[in-house]
Structure formats: structure tokens, C-alpha cells
Amino acid sequence: MTSSKKVEKPQGAYIKKGRLYVKAVFTGFRRGKRNQHENTALLKLDGVNNRRETNFYLGKRCAYVYKAKNKTLVPGQKRLNRVRIMWGKVTRAHGKSGGVRAKFNRNLPPKALGRRIRVMLYPSRI
Amino acid sequence: MSTPSAKTATSGGKATTKTTTTTVVKTTTTTQQTLAGTRGAGSKVQKPRTTAAGKKVINSHANRELNNNGLMRFSRGRMFHRRALYRINKWKGDQAKLQGDKTKKTAGSIKKRRSPALKKKPVGGDRNGKERFVRSKRLPRYYPTEERPKKFSVKRKKFSSHPRRFRSTLTPGSVVILVAGKHAGKRAVVVKHLSSGLLLVTGPHKLNGVPLRRVNQIYVIGTSTKIDLSAAKLDNLDDKFFKRVRPAKKNAEKDIFDSKKEKSQLSDERRQAQRTTDAVVLNAIKANADSRLLRKYLKSRFQLWNGVLPHKLRF
């Protein structure tokens, strides 16, 4: 919102933004013992330990955030940035120990294995 | 263990058995009555009719529910034949005619105003017999060889007339956590439900910088904190008010060379609306018992930190 020069920003506007996503780890692709299917990623969400708890996260958008050599435009920022994002969403639970399956717009690169994935709090259902 | 007590015990036992049997009977009838009240989805619940004498009229041609599971004994087609309304209404009309009962509307009594099939039209010329009979409605000039396929009316509603549903936690006056966008993490107050399905939300701006803004329900977490906004009258705020105003298209030649982006200026209308709604909301906050806490709450941000798991939080 473009605020005019006359109106000062309220005190409450200057508080720093905190973390608004749940931490998760990309543990691997969906697979049997000898075949793997890269279109579905398996995520382990922080603090989610059984199937019942995964219900909250179904449908939530997830992001694999990474850096690249070349700078590109990031939506919402004017400066070119090295940060890039691959977006996806949590599709369903995986197993009974709180694992979750996610599908990304493009398959995750294998170098993301073991790396952080952010599971956002939207689309919210509560 | 003495005999008198045993006797009393048995008599007492007998008495109890008697009473239990009677109560059992009672309950079954009541349950039957209540179950009969619930019918299958498609069946009409018919009120029991009574004749002039006071006896119940049981229509043997009525449909009935099978075993209280929502299925009906006779299908729709069968019921059509059983009830024979196609025949009965005509019969009723004929009876009314026979009795000379003109108060009842029958198919024949409603006279259609028909214009006469032939019309007289003046014709020019001396020897043409000045007038001719002409059909008042012309016959069609084209008779298709095949029947045109009947277009059934498409009952698909336009998206704009679809019903919009709002989550029960997002009532007007509830404090809400914005979870995405520029104001992510901030807590705002739901002002209104808009007809497009969006929520109208305000900080209030003084407290946390969130303006009067439209927000989709999926980017919002509803909390249990509610502010009483029932006194507010906010009629003029609707989707039209917030719709983005795009600059009028200019000639193609000009556009190529003038690549300036016009900055969107905040209109005075918007400022006014912001001020008035914020005044209402702030008053409501003041009126609340925890007004101090509420103001601090709305100024604060929502964050996750180590050990805080949203699926375990109660919002």
C-alpha cells in the first residue's frame, strides 16, 4: 500500500516478520525398493509424529528455497536476487509416523535430498 | 436370609418385573412413533387427515418407507400410476361440470381467448372484391424434415451467482491472523463478508498498519478472539468499492513510447472509509473488557518458533 508522506507508519508496522512456515525435510522420492517415482516427494515435518497429526498440513503449499548463480527478479522485490523457489503442495500422508507426500510443480532436484523445505500455513482451513 | 425378608424380596422382585414390562411396552410405541416421523429423503410427509366423523383417513395409494432406511416402497414411475393424478384431476373437473359447480376451476371452464382464425382484410383494386378472408396467423413457411433436437434448459448457474460460503471461525468481528501477503503475520479484524466470497479486513490501521483490505479466506487463520461489531453499519463497503481501477487504454502508438507506470493514488474516498471503519472498530475494542490486551494483541505479530507446532496450537 502506498502510504502518503503525511501519514507516519504506525508503531505496529515496524515489528520484524517472524517465521510463518513449518520446517520440513525432503527425505526422498516415493519409491519401492528398486523403483523410485520422482514426481512425488516425501517430506518429514518438524514435530509431526503420527498420521493423525498430518491432517492439518494436507493441502498446504510448500516451497523448496535455493540459491543459484545468476540473479533473477523475485516477485515483490525490486532488486535482482539469487534466491529461487520451487513451489508444491502437500498431497497426503505417508505411512503412520507423520510423513507426508508432496507434489511440486516440477520435480525436486535430487540435490535437495536432506535439505530444508518450507511448508506454509496457507491455504488455511481453520 | 430369614424367610420374611426372602418373601419380601420375591414380592418386590415380582413387583419390579411387572413395572419393567409395562415400561418396556411404552418405550417401544414411542420409538415407533418417532421413527415414523423421519422419512426418506424424497418422500413428502403427509399430515394424517381426519374425516368429518373424526376417523383417520388412510390413503392406501400412498407411498411408504421401507424399514426406516430412506427407501420407499414404490418408485416414482409406479407412484405416478398408482395416484393417477393425470386421470383424477380430469375426473374432478368433469364432476364439477356435471354438478354445474362453476366455482371450481376446470380445464374447460378457463376459456382461452382465441382470436378468430380468419380475418377480413381490405384489398385494393376495382375488381378484386374489396375484402378478403386472410389467416390471422400465417402458416410456417418452412417445415424441417428432421426434428430439431430439443435443448434442455441448462441449469448451470453462473459463477457470480454461486453461493459463497464462509468459515464459521471468520465471523465479522473476529480477530484473524493474516498468513500470506504483505501483511503476513499480522493480526487483523474481520469487518465484513463480501458478496464475492472475500473478507473485508482492517488492522485497524493505527494499530498495525493493515488497511481496509479484501482478503481471501484461505490466507487467513481464524482465532477465537471476537470483537462485537454488531453495532456497526457498513453498507457502502462492497466489492465494487475495492475493485481495481485500471487506466483507460490509450492509442497503441502512445503506449509503446510512454512506458511510465502510473502510481495508484489513494483516493479520498478510501481514506474516509478507512477512518470511519477504524473508528467503529476501535470503539468496539474499547468497549470490550480486555481492551488493553486486545490493542496489544492486535499490535503484535504471529510467529512460529522452536517447539511451536501449528497443528497442536489452538487458535
Side-chain angles (χ1 to χ4, degrees), chain A residues 1-24 43-63 74-78 85 87 89-90 93 97-100 116-126, chain B residues 167-170 176-188 203-213 215-224 263-268 270-271 274-275 278 295-315:
Chain A
M1 271 287 286
T2 53
S3 47
S4 74
K5 290 173 190 174
K6 295 174 194 174
V7 177
E8 281 181 353
K9 268 196 176 173
Q11 197 186 38
Y14 287 109
I15 300 174
K16 193 184 164 200
K17 219 199 243 191
R19 193 180 98 220
L20 285 166
Y21 58 86
V22 175
K23 294 192 242 179
L43 307 181
K44 163 118 191 65
L45 295 155
D46 205 17
V48 178
N49 297 318
N50 51 42
R51 202 184 174 95
R52 197 168 29 89
E53 291 175 357
T54 62
N55 189 32
F56 173 87
Y57 300 97
L58 298 181
K60 300 285 186 286
R61 283 192 91 188
C62 29
V74 170
Q77 305 227 350
K78 284 185 185 171
I85 303 185
W87 287 100
K89 67 168 128 178
V90 171
S97 306
V100 123
R116 170 70 67 227
I117 292 207
R118 304 186 186 187
V119 177
M120 317 309 268
L121 295 173
Y122 55 87
S124 137
R125 285 179 288 137
I126 22 168
Chain B
R167 255 184 269 149
S168 53
T169 50
L170 306 177
V176 120
I177 301 171
L178 300 173
V179 133
K182 187 176 179 187
H183 303 280
K186 294 189 187 175
R187 295 179 167 102
H205 188 88
K206 260 195 192 178
L207 296 179
N208 51 25
V210 175
L212 248 192
R213 198 177 208 262
V215 148
N216 196 323
Q217 295 180 63
I218 54 175
Y219 298 119
V220 136
I221 293 179
T223 62
S224 54
K263 274 195 176 180
S264 54
Q265 292 284 323
L266 239 193
S267 70
D268 280 331
R270 285 273 196 115
R271 278 183 218 272
Q274 180 79 62
R275 269 180 230 139
D278 276 3
R295 297 182 89 238
K296 282 195 173 176
Y297 183 58
L298 289 169
K299 281 189 186 179
S300 66
R301 293 301 159 86
F302 175 77
Q303 276 184 33
L304 294 174
W305 60 90
N306 269 349
V308 173
L309 310 165
H311 68 272
K312 292 204 163 159
L313 285 179
R314 188 182 288 182
F315 287 99

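Naming convention: chains lettered A, B, ... in sequence-line order (proteins, then strands); numbering from 1 in each chain.
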A/Y122 vs B/Y219 aromatic rings, parallel, tilted or perpendicular, using cut-offs 30° and 60°?
perpendicular

Walk me through it: do B/R301 and B/K186 pass the test side chain to side chain contact (heavy atoms under 4.5 Å, CB included)?
CA-CA 5 Å; B/R301 293 301 159 86; B/K186 294 189 187 175; 3.2 Å; yes

Taking it one step at a time, do B/H183 and B/N208 satisfy side chain to side chain contact (heavy atoms under 4.5 Å, CB included)?
CA-CA 9 Å; B/H183 303 280; B/N208 51 25; over 6 Å; no

Cut-off 4.5 Å, heavy atoms of chain B, and the answer for A/D46 is backbone

Proximal component of B/V179, with respect to chain A [non-hydrogen, under 4.5 Å]
both

Apply the test side chain to side chain contact (heavy atoms under 4.5 Å, CB included) to residues B/V220 and B/L178: give CA-CA distance (whole Å), side-chain angles for both, the deciding distance (0.1 Å), then the verdict.
CA-CA 5 Å; B/V220 136; B/L178 300 173; 3.5 Å; yes

Quick one: what part of A/Y57 sits under 4.5 Å from any heavy atom of chain B, side chain, backbone, both or neither?
side chain

